[in-house]
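Structure, as structure tokens:
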Protein chains: 2
Amino acid sequence: MQTIEQLLESKDIRVTAMRLLIYKFLANKQIAVTLSDIENAFEKADRTTLYRTIKTFEEKEIVHQIDDGTGINKYALCESGCHCEIETDLHLHFHCNNCSETICLTEHKIPQIKVPEGFVSENVNLVVKGICDKCSGQ
Amino acid sequence: MQTIEQLLESKDIRVTAMRLLIYKFLANKQIAVTLSDIENAFEKADRTTLYRTIKTFEEKEIVHQIDDGTGINKYALCESGCHCEIETDLHLHFHCNNCSETICLTEHKIPQIKVPEGFVSENVNLVVKGICDKCSGQ
DNA sequence: ATATTTAATGCAATGGAAGTGCATTTATTG
DNA sequence: CAATAAATGCACTTCCATTGCATTAAATAT
Ligand SMILES: [Mn+2]
Ligand SMILES: [Mn+2]
Ligand SMILES: [Zn+2]
Ligand SMILES: [Zn+2]
């Protein structure tokens with residue numbers, strides 16, 4: 001069991017107060033968040049700092065960006081030990097048309113997708129839209 | 001074999017010079033195009049007109065919008081007789097990381113995706129990224 | 001401990017793209 | 001031809017992502 005500080009350091013991310021706060025914020029969320037979500041949670045902090053913090057987290061692979069089709073980038077912590085760039089680690093995302101929340105279905109890996117001759121698959125983005133468990137009333 | 005005019009009329013789209021031009025432009029493209037692509041092809045036309053024409057085509061289901069993860073909406077003609085809203089008609093899209101082109105793989109339908117209990121799937125977006133046939137040199 | 005260097009943060013500004021209100025032109029219909 | 005409705009053009013707005021540069025804070029060397 002490592003502390004957040006240790007995790008950040010192990011990924012070559014220098015520990016700052018802001019980074020710890022943002023990490024904890026993401027860790028507490030069960031859903032993917034937008035930059036604005038983070039902004040609203042930390043009103044005193046500058047938007048740019050939040051933006052760059054997320055980008056740093058993304059580069060160092062403790063956060064992955066999610067394109068759920070809303071046109072707004074969302075972010076979520078990676079599973080510990082995940083390698084988002086590897087196809088076998090890719091999970092699908094669910095976007096609720098009712099509450100607009102987007103969640104990682106980390107248990108649901110993306111199936112092998114066949115592409116035509118001559119095409120090389122490097123990455124797959126799979127987003128399912130519909131009604132989430134909370135909104136479907138069950 | 002129906003003319004473009006007949007196709008538009010059958011979909012309740014009034015025929016105008018601009019609409020015919022845009023339709024032909026889309027029909028000649030083998031790849032999905034952005035609004036800017038259309039803008040560049042028709043410099044005399046106003047962007048709003050092009051925008052609204054595409055939106056009309058989309059509503060009337062002769063064009064589908066593609067979110068390939070670049071953050072810029074792309075559009076492509078639907079197959080004749082397709083119903084983009086129906087899950088079984090959904091095909092996957094391929095985005096080339098080299099030439100940045102996005103193409104419809106209309107032959108490749110999206111496989112049935114399992115979602116957890118309580119979730120209801122209404123729509124699926126599947127984008128494969130990698131190297132296209134032209135760029136892979138084969 | 002202090003000076004030097006490097007990284008993080010804050011502020012201001014930019015740019016791209018989507019979208020809208022309203023006036024004008026064009027097409028349709030009585 | 002007059003009346004009506006739709007399409008087009010122009011100006012403007014909003015939202016989000018991104019960058020340059022000055023400032024502050026942290027890390028390292030002296
Ligand atoms: Mn995820
Ligand atoms: Mn397509
Ligand atoms: Zn929901
Ligand atoms: Zn290519």
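Within every chain, numbering begins at 1; the chains are lettered A, B, ... in the order of the sequence lines, protein sequences first and strands thereafter.
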> Who pairs with A/Glu58 by salt bridge (charged side-chain N to carboxylate O under 4.0 Å, His left out), at least two apart in sequence or on another chain?
Replying inline: A/Lys55
>> Filter on salt bridge (Lys or Arg N to Asp or Glu O under 4.0 Å), then keep only pairs touching residues 18-36 of chain B, sequence neighbours left out; what's left?
In response: none
> Which two nucleotides bound the region of DNA chain C that has atoms under 4.0 Å from heavy atoms of chain B, read 5' to 3'?
Replying inline: C/dA17 to C/dT28
> What residue pairs, at least two apart or across chains, pass ring pair (Phe, Tyr, Trp, His ring centres under 6.0 Å) with a residue in residues 9-32 of chain A?
Replying inline: A/Phe25-A/Phe42
>> Please evaluate residues A/Thr56 and A/Thr53 with respect to the criterion side-chain contact (heavy atoms from CB on, under 4.5 Å), reporting the C-alpha separation (whole Å), side-chain torsions for both, the decisive distance (0.1 Å), and the verdict.
In response: CA-CA 5 Å; A/Thr56 300; A/Thr53 299; 5.7 Å; no
>> Considering only residues two or more places apart or on different chains, which pairs with a residue in residues 63-84 of chain B satisfy salt bridge (Lys or Arg N to Asp or Glu O under 4.0 Å)?
In response: B/Asp68-B/Lys74
>> Please list, in numerical order, the residues of residues 46-56 of chain B that have a heavy atom closer than 4.0 Å to any atom of DNA chain C.
In response: B/Arg47, B/Thr48, B/Tyr51, B/Arg52, B/Lys55
> For A/Leu50, which residues count as a side chain to side chain contact (heavy atoms under 4.5 Å, CB included) partner, sequence neighbours excluded?
Replying inline: A/Met18, A/Ile22, A/Leu35, A/Ile38, A/Glu39, A/Ala45
>> If you take any heavy atom closer than 4.0 Å to DNA chain D, which residues from residues 10-24 of chain B end up in contact?
In response: B/Arg14, B/Thr16, B/Met18, B/Arg19
Could you go through residues 3-11 of chain B and list every donor-acceptor pair under 3.5 Å that involves a side-chain atom there, pairing it with any protein atom two or more places apart or in another chain?
unit_1: B/Thr3; atom_1: OG1; unit_2: B/Gln6; atom_2: N; d: 3.1
unit_1: B/Gln6; atom_1: OE1; unit_2: B/Thr3; atom_2: N; d: 2.9
unit_1: B/Ser10; atom_1: OG; unit_2: B/Leu7; atom_2: O; d: 2.6

>> Using every non-hydrogen atom in the two residues, find where A/Ile113 and B/Pro111 come nearest and quote the distance to one decimal.
In response: CD1-CG, 4.2 Å
>> Any donor-acceptor pair under 3.5 Å linking the side-chain atoms of B/Asp133 with those of B/Ser136?
In response: no
>> From CD of A/Glu58 over to C1' of D/dT18, roughly how many Å is that when rounded to an integer?
In response: 13 Å
>> List the residues meeting side chain to side chain contact (heavy atoms under 4.5 Å, CB included) with B/Cys104, not counting sequence neighbours, and say none if there are none.
In response: B/His64, B/Ile66, B/Ala76, B/His91, B/His93, B/Thr106
>> Counting only heavy atoms and a strict 4.0 angstrom limit, can you tell me which residues of residues 69-78 of chain A come near DNA chain D?
In response: A/Ile72, A/Asn73
>> Rounded to whole Å, please give me the gap between CD in B/Glu43 and P in D/dG9.
In response: 14 Å
> Within a strict 4.5 Å, meaning less than it, do heavy atoms of the B/Ser100 and B/Thr70 side chains meet?
Replying inline: no
> Can you name the salt bridge (charged side-chain N to carboxylate O under 4.0 Å, His left out) partners of B/Glu59, sequence neighbours left out?
Replying inline: none
>> Under the criterion side-chain contact (heavy atoms from CB on, under 4.5 Å), I'd like the reasoning laid out for B/Val124 against A/Val127: C-alpha separation, chi angles, the key distance, then a yes or no.
In response: CA-CA 6 Å; B/Val124 180; A/Val127 180; over 6 Å; no
